[in-house]
Structure formats: C-alpha cells, structure tokens
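Report on one structure; see the data block that follows.
Each chain gets a letter, A, B and so on, in the order the sequences are listed, and its residues count up from 1. Side-chain atoms are counted along with the backbone in the values below, which use heavy atoms only and exclude waters and symmetry mates.
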There are 2 protein chains.
Amino acid sequence: MTNSIRPSSKDAIIEAAFDVFSRNAGASLSQVAERAGVGRATLHRHFSSRDDLLRALARLAIREMDEVVEAACADVTSHSEAMRVSLEVLIPLGDRHGFLALEPIEDDADIQREFDRQQRETEEMIEAVKKEGLLDASVPTAWIVQAYDHLLYAGWEAVRTGQATPAQAADLAWRTLTSGLERKPS
Amino acid sequence: MTNSIRPSSKDAIIEAAFDVFSRNAGASLSQVAERAGVGRATLHRHFSSRDDLLRALARLAIREMDEVVEAACADVTSHSEAMRVSLEVLIPLGDRHGFLALEPIEDDADIQREFDRQQRETEEMIEAVKKEGLLDASVPTAWIVQAYDHLLYAGWEAVRTGQATPAQAADLAWRTLTSGLERKPS
DNA sequence: TGGTCATGAGACATATATGTCTCATTTGAA
DNA sequence: TTCAAATGAGACATATATGTCTCATGACCA
C-alpha cells in the first residue's frame, strides 16, 4: 500500500478535533494537535487550514449521522420506532451533534444544504410520528425538534460524564420526550 | 452625580457580550464592542482584560439568575410550583444560562463555588419535588437536572428565534418535562 | 541493508487579538 | 456658556494563532 498518508494519524486528529471543538468552539489547532498526540505540522499536512479541518469535520459528522440512522432504521416497522432507534444511535455521536450545533459553518453552501436537509428530515419524521398517533399533533413540530435535539445532547452528556450507558441515556431521553418524568399513578 | 463612568455604556457592553458569547464562546472583543455600538477602547476602560469581562459576566449571570428565581418563588406554596415558575423566569435569561454552560471559567474559585451552589440548589429542588410526588423518584436526579437545563435552553432558543413567547416556551418545556409530548387519550 | 514516506520538532513570516496610550470630540451637569 | 468626564478613533506594541518550510528521525517495505 504505497497509497497515501497513514490513516491512523488523520483519524486521531479528527477524533481529537470533535472532542476539543465540541467543548470549546474557539480552541486553537495546537490544542487539537496536542489532544491527538500529533505535531502541529502533521495536522497541517492533512488539513491545509482551520477552515479546511472544520469543513471536513462537518461533512464527516453529517455523513456519520446519516449512516447510523439509516442502518438503525433498516428493520423498523414504524416511524415511531425509527424515531426511538435514531435517538439511541445518535447519542454516542453527541460530539458530532454538538459540533454541528456550535460551530458556525456559514460559508459553505454544500454543508449548509446538507445540514438543512437533516433538519428537514427530522421535521418530517416527527410529522409522521404525529400521524401514527404517538405524538400530540397539537404540539408545534418546531418545539418537538428542539426538545429532541436537546434531550439527545443531554443524553450524550450523561454518557460522557459516566452517569449512564448509551442505552440507559436513550431510555431516559425517550421517556422524557414521550411520557415525561411525572410519577405515574398506574 | 459625579460618580463614575456612565452606566449605559457599560450595560450595553454587558448585554452585547452575553449576546455574542452565548452564540460564539471564542468571539473577539472587537465583535463585542461593535455589537454594543461602542469603541474597543471604551470596552477596555470598563473591563481591563478579556478575563475581567468574562468574570464580571459570570458573576452577573449567577446573581441575576438567583434574583429572578428568588423573586418568582416568593409566593409559591410548593416546591413543584417553585420549579415551574423558576423555569418560566429563567427562560428569558437563556443567554446567561448558555454563557455559563459554554464559557469555561475554571480559574476563579469564587465563581466556581457559586456555580456549584446553583447546581446543588437545583438538585435539592428536584429532590423536594420528588418528595411532593410530582416527579418520579425512580428517575435519577442527575438526569432530571440535565433535562431541566436543556429544555430551559431549548425554550430560550424558541423565544430567540421567534417561535414562541417566553410564557409559551415555558409551557412547552414544562409539559415536556412532566407529562411528555405523547398524544394523551384523555 | 537501503530506500521511501510519514512524522516531530522547530524556525520563520504573517495575521489577528489584545492591551495601552493619545487626542480631538461629545455629553451632561453646573 | 463652561467645564469635567466619557467617549471614539486610531496609533502602537505585544501576544497568540496560523500557515509554510526545512531537517533529522523512525517506521515500514523490498
């Protein structure tokens, strides 16, 4: 394989970048390189500029989120189930989710379009779940999207801080979103 | 009043800083000054350094959140009601809330202690609401804190983007937290 | 063993952010 | 009007971040 650069280094940079930028959007490239255990020059060999890195991260995050959702929804039989399993597989990608929410990538039309498409797909999923009767149609879809996104992020934080496993966090977030945290008389 | 610097300029800087930093934690002081409609030198007259500004914002945010919660809870008759009205009055302070969550102020022990105190008070409030029977005691308090914080932030975003008034956002966030967004058969 | 390639370290120039200073202008009160 | 304080504009020096480059080293492969 006289192919190209070793993959491990590039991957380490990408993982470190998600980790660092999801906590601090203004972090320097030195911090990213250090977290990756890599020289700053090596980072520039893989990503010519800061913007180049940010764009690569955004594209990757969108693609990964698409992939896990598509894979998880392969066998589902309802939109409600799709919404539930999407939540579960997206929680471990919370750093990607947080990165996309925090980092303003306004200058790239491709990424903006893909980002908008994901947002639209989430809205359509929620509309479909309303039609299936699980969610209250009188609650604005825009609010359900907000609650879904933020509870997803809350679930990732619970995982990151060791409070829960991804499965437990998904259970808690899903219960919160659907039936709430009230004490049930049943 | 030969007191000191005019207050309006300082206040404008503080409001602009909350606005700018809650969207982008790494924003420059030039951006803050511009948003405030103020020269960069004036910003430095009020706040000697970036850290000075950040610390002042953190202290103010904590104090303001304390004040509105205390005022709102003056007449309540239960912890459940206190939790509900706290959510309502904190949503308009969502920029303060987001600033405290996003900006890492690790070097100041005072602020850290106050921040921890607020977190602890939220936990105690939730424990009390569990005892009153509104919230399910089998759900971890840590998760309820997460959900409360994130739905509060979601509510502020709904207000900021014009999707809802503060009162509507508080209703939606409270309903989500307590009874969820399921279609209710009743 | 020899050669190739990715890498780390670090020098270097540049860009941007930060903090200080000066000065002319404006504001508000007496 | 008159005066003192606050301000905006901008020069200036410094610090940090960024991007490019070179060179020696180490890993992997033939």
- Item | Residue pair A:E121 / A:M125, side-chain heavy-atom distance below 4.5 Å |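 Counting from C-beta outward, A:E121 and A:M125 never come under 4.5 Å.
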
- Task: Could you pick out which residue, A:S48 or B:G37, lies toward the 5' side of DNA chain D when each is mapped onto its nearest nucleotide?
- Result: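 The residue mapped nearer the 5' terminus is B:G37.
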
- May I ask you to verify whether the side chain of B:R45 and the base of D:dG8 hold a donor-acceptor pair under 3.5 Å?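 Pair found.
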
- Do A:R40 and D:dG19 share a donor-acceptor pair, side chain to base, under 3.5 Å?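 By the distance-only test, yes, there is a pair.
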
Heavy atoms from C-beta onward define the side chain here; which of [options] lies closest to that of [X]?
X     : options                : result
B:V38 : C:dG8, D:dG8, D:dG19   : D:dG8
B:T42 : D:dG8, D:dG19, C:dG19  : D:dG8
A:A41 : D:dC21, D:dG10, C:dG19 : D:dC21

Hey, are [Y] and [X] close enough side-chain-wise for a donor-acceptor pair under 3.5 Å?
X      : Y      : answer
A:Q118 : A:T122 : no
A:E127 : A:T141 : yes
A:W174 : A:S179 : no

Whole Å only: how far is the [atom1] atom of [X] from the [atom2] atom of [N]?
X     : N      : atom1 : atom2 : value
B:L43 : C:dA17 : CG    : P     : 14 Å
A:L54 : D:dA17 : CG    : P     : 16 Å
A:K10 : C:dC5  : NZ    : P     : 18 Å
B:H44 : D:dT14 : NE2   : P     : 16 Å
A:F47 : D:dT20 : CZ    : C1'   : 18 Å
B:R35 : D:dG8  : CZ    : P     : 17 Å
A:R50 : D:dG19 : CZ    : P     : 8 Å
A:L29 : D:dT16 : CG    : P     : 16 Å

Side-chain N,O ([X]) to OP1/OP2 ([N]) below 4.0 Å:
X     : N      : value
B:S30 : C:dT16 : no
B:S28 : C:dT16 : no
A:H46 : C:dT7  : yes

- Taking atom CD of A:E157 as the centre, does the number of heavy atoms from other residues, nucleotides or ligands within less than 6.0 Å exceed 12?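 Yes - once you tally the heavy atoms of other residues, nucleotides and ligands closer than 6.0 Å, there are more than 12.
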
